[in-house]
Amino acid sequence: MKKSLLALAVLGAFAGAASAQSSVTVYGIVDLGFDSTDNGAAAGRTNGIKSGGQSASRIGFKGTEDLGGGLNALFQLEATIQADTGAAFGAGAAGTGPNAGANQSAGGFNRIATVGLQSNAFGTVNLGRQTSVIKDAYDVVDPFGDGGTIAPISTIFFNGALTSDFGRISNSVKYSTPSFGGFKVAAAYGFGETPGDTGANSNYGIGAGYANGPLNVQFAYHNQDRSTVANPAVQTIENKLAFVGATYNFGVVKLHGAYADTKLETFGPAAETKYRNYLVGVSLPLGAAGNLFASYAVNDNRTTNNADAQKAAIMYTYDLSKRTNLYTGYSHTSNDNGSRIGLDATAPVGESASAINVGIRHKF
Amino acid sequence: MKKSLLALAVLGAFAGAASAQSSVTVYGIVDLGFDSTDNGAAAGRTNGIKSGGQSASRIGFKGTEDLGGGLNALFQLEATIQADTGAAFGAGAAGTGPNAGANQSAGGFNRIATVGLQSNAFGTVNLGRQTSVIKDAYDVVDPFGDGGTIAPISTIFFNGALTSDFGRISNSVKYSTPSFGGFKVAAAYGFGETPGDTGANSNYGIGAGYANGPLNVQFAYHNQDRSTVANPAVQTIENKLAFVGATYNFGVVKLHGAYADTKLETFGPAAETKYRNYLVGVSLPLGAAGNLFASYAVNDNRTTNNADAQKAAIMYTYDLSKRTNLYTGYSHTSNDNGSRIGLDATAPVGESASAINVGIRHKF
Amino acid sequence: MKKSLLALAVLGAFAGAASAQSSVTVYGIVDLGFDSTDNGAAAGRTNGIKSGGQSASRIGFKGTEDLGGGLNALFQLEATIQADTGAAFGAGAAGTGPNAGANQSAGGFNRIATVGLQSNAFGTVNLGRQTSVIKDAYDVVDPFGDGGTIAPISTIFFNGALTSDFGRISNSVKYSTPSFGGFKVAAAYGFGETPGDTGANSNYGIGAGYANGPLNVQFAYHNQDRSTVANPAVQTIENKLAFVGATYNFGVVKLHGAYADTKLETFGPAAETKYRNYLVGVSLPLGAAGNLFASYAVNDNRTTNNADAQKAAIMYTYDLSKRTNLYTGYSHTSNDNGSRIGLDATAPVGESASAINVGIRHKF
């Protein structure tokens, strides 16, 4: 963190006081479709309209200002929209520390709220609420890209805690290097904001990526300190996530693979759970306007027997333009007797789940 | 519903993958004015500043993308603003089904959140949260257009349940035909999203309109299933609304008329209430920049005696430009001994109510 | 108030129905930085990322329409952003009267929600939620301009009740004259919206300013009626604030001074508290892109002995462009034995507080 602020100061010193007018870009996605989900609910299958079948619906405001000397100022504000009911912004993210507003549906600009500086020579530093290096890595590797309600990786990896806990961090600073022949490194730190103990409740992450020709490799490590001054006995409690993934584009088809090793600690004795996750995927163009992608992901619970889960999903998209496409997808989740990932609260443990959807995604 | 999604798929097949850049339009209304209301409150008359004296204050984002081949992609996001205090967006619409976020002040993009496709040849299909066919019909016929705090139709028709229950539906799909010589038909379906029972809690509506020269006729029928799996005994409970209205423009003056027949069912025995509603109205230009409009509406309670209500209102607007006007209006509501429409909670049943306002409406 | 509405009507009569298309401006500030605060909390100092170290982060929408004849229509909608967590908009401002949404973090367009008319000849009238004349005056005089988390004036003046109570008024009308040789007058009225008693809960304020060459003098008086019909015994309860301030620009340095006299009344016997506040400040350019400003402010509690407080702060800003700057600041607050301004709830009365920050502010 200190290094990043120093970098910021250094970048500042290089910049003159040149000014360039630039405009705010209003952008977003509205993604809505029919969805039929059997999540094991006692009453049965649910049919309805869902937001975000392929990508989360969202609205954002962003801009870049050329400061001269190869330096740019950046800002971005982005909010999730539950477009099926119009819900958006909500009550906003409360509290302090990196997990303030951790749940992505917490309202306000829950996805991104940043200001920063970017230089082709020195890299980019952003402050505020932003994606974790873990999310940056798996978004590149996942065939489903930035999500969608049926995508396996966000459901299965890290025991399903990705979207709620590890995807975005508030009160954070993140620094990314420029690309050196396809090689990039990033580091993020989320302040714990705990009185009298800077480390308590803090997050940090480091990531590295290499993109060159057909190959793209991503690595990320995320550490979440869960100690608090109020609970000094648990000051050693941490969640640790390691992720590595890669894609290789053969032209007619692109292969995707990922692996993660996770240790989640909770309060109390013997409260450590270890997971290993695997993903294999494929994506390919299908005709002039079509794309097909599929993935299969495994949650291997290393602490509890008979608590594994698997999810497979396939999606076909048809481009009406660069900004607008139709899509249809199917997913199936199977749980061991001791697992209940993706299930309704009324479903018995170990039940299977499935979903099918048909929708339209429009980027603006 | 199935037909509409099919239509969407068919439209998709016709479209190439052409792309056209288009911009987001930020638009809205800020309408604020002085309002003096006597709603029968025990303490007396209330004077203050009110938002939406002529039209609800709002902010929205919308766009159209030309997909080629006569096909367009559309999106729209629109939120109510309580401009007198700045309240907007709120906690967002919660829950599932067509009535999620039914109350128009529920927050988020509570007015409209849609994505869809439009073709001059095949019509328009939109998914998300949108106006019901009932609202589409009465907005055309009402001299007060899209509302305002003193407009009679939204207060009186359907026993005053228009804005809270029947004006907008979430989790819905709506299809409108192109105009065939002035004739258009629309159909909407709001998914109940009830596990195991697709019909439970669903909505549907059909509308038809004819606009040709001086004549405009609008018809709409809306059916709201109120059954739930949790209450299987009430699986036959429905609200049924039928509406017909027309305007005829004589040039110097335009006449407005509307009629509605409503059956509202609630849980328990003998819990059906029937209403008939009538409206007559007039609108006319008054000088180069002025407009005068007035309406008189009746709520005829067919189930309970002595529970009718009448409301009359008149408004004068003066255009400062096409986007900005001043306005002043007056309304009076009279209730039978058994009716309390438009009254404060502290007012005795059967009391009268009145309001006067003076304000400015600016469209951006 | 009546006069202002009359002025509005008169302005209307002068305007033709000319129309001019104008665009909506999306604007705002994202201000984020590292902050280390010792607010006397029992656990110790808190380090973290804070929004608004120099200026509150915000997003807004505004526009001006040329109505012809020297008349313009104006609207503005502006919301605070807690950019460190992305929190924004929130649940919106609830209730009625001038203090609806009084707390600036209350959500919605909590900062500004107005529509109005502006004429170079007749002045400007705005309706809705807007700044009080008190805030308009001290924003001009304060070396810290529109705030920031460490600025003394908003913490010290009026016993710290500025941002929560006296800075913005809902349900209000405000009229400002044009500048007559540098002299301007403003008046604001916030409707109490109390049934049966127009005066109860209302606000009014009058302000005057003179700006000519190096001299700028600002005066404002704000009266807040706190009576309610529910509490007729307290119908005489009022808060009264008088403020006078001035700046004089010597070129190499600008001097700032302010004085305020306050009487805050609360319910019950002997519940009147009187304060006097003083501020001296200085601001100066430092090099081509640098600015330095500092102020020292005193809260003199005239009712209770040993309950005074002082705060001093200094800030240096470095412009990367006209829209983007880096900043660093330091503040120190000292409390008498009976005062606890700027302290954490766990801090002992009379404790001192200090804060240091380093950040970046970007205007868009």
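- Between A/Val24 and C/Tyr27, every side-chain heavy-atom pair lies at or beyond the 4.5 Å cut-off.
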- Message: Set out, in order, the CA-CA distance, both residues' side-chain angles and the distance that settles side-chain contact (heavy atoms from CB on, under 4.5 Å) for C/Thr85 and A/Asn171, then state yes or no.
- Response: CA-CA 6 Å; C/Thr85 64; A/Asn171 291 296; 3.7 Å; yes
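- A heavy-atom distance below 4.5 Å is found between the side chains of C/Ile360 and A/Leu117.
- With a 4.5 angstrom heavy-atom cutoff, A/Ser172 touches chain C only via backbone atoms.
- Atom NZ in C/Lys322 sits 13.5 Å away from atom CG in A/Leu67 (nearest 0.5 Å).
- Results of the side-chain contact (heavy atoms from CB on, under 4.5 Å) test with A/Phe75 over C/Leu32, C/Thr324, C/Val30 single out C/Val30 as the only residue that passes.
- At least one side-chain heavy atom of C/Ile59 sits under 4.5 Å from a side-chain heavy atom of A/Leu77.
- Ring centers of A/Phe61 and C/Phe364: at least 6.0 Å apart, outside the cut-off.
- For the pair A/Pro195 and C/Arg45, the minimum side-chain heavy-atom distance is 4.5 Å or more.
- Per-residue counts of heavy-atom pairs under 4.5 Å with chain A were compared for C/Gly44, C/Ala41, C/Gly28; the largest is that of C/Gly44.
- Closest of all the heavy-atom pairs between A/Ala113 and C/Gly86 is CB-CA, 3.6 Å.
- Heavy-atom pairs under 4.5 Å with chain A peak, among C/Asp35, C/Asn39, C/Val26, at C/Val26.
- Panel note: side chain A/Glu193, backbone C/Ile49; a donor-acceptor pair is recorded below 3.5 Å.
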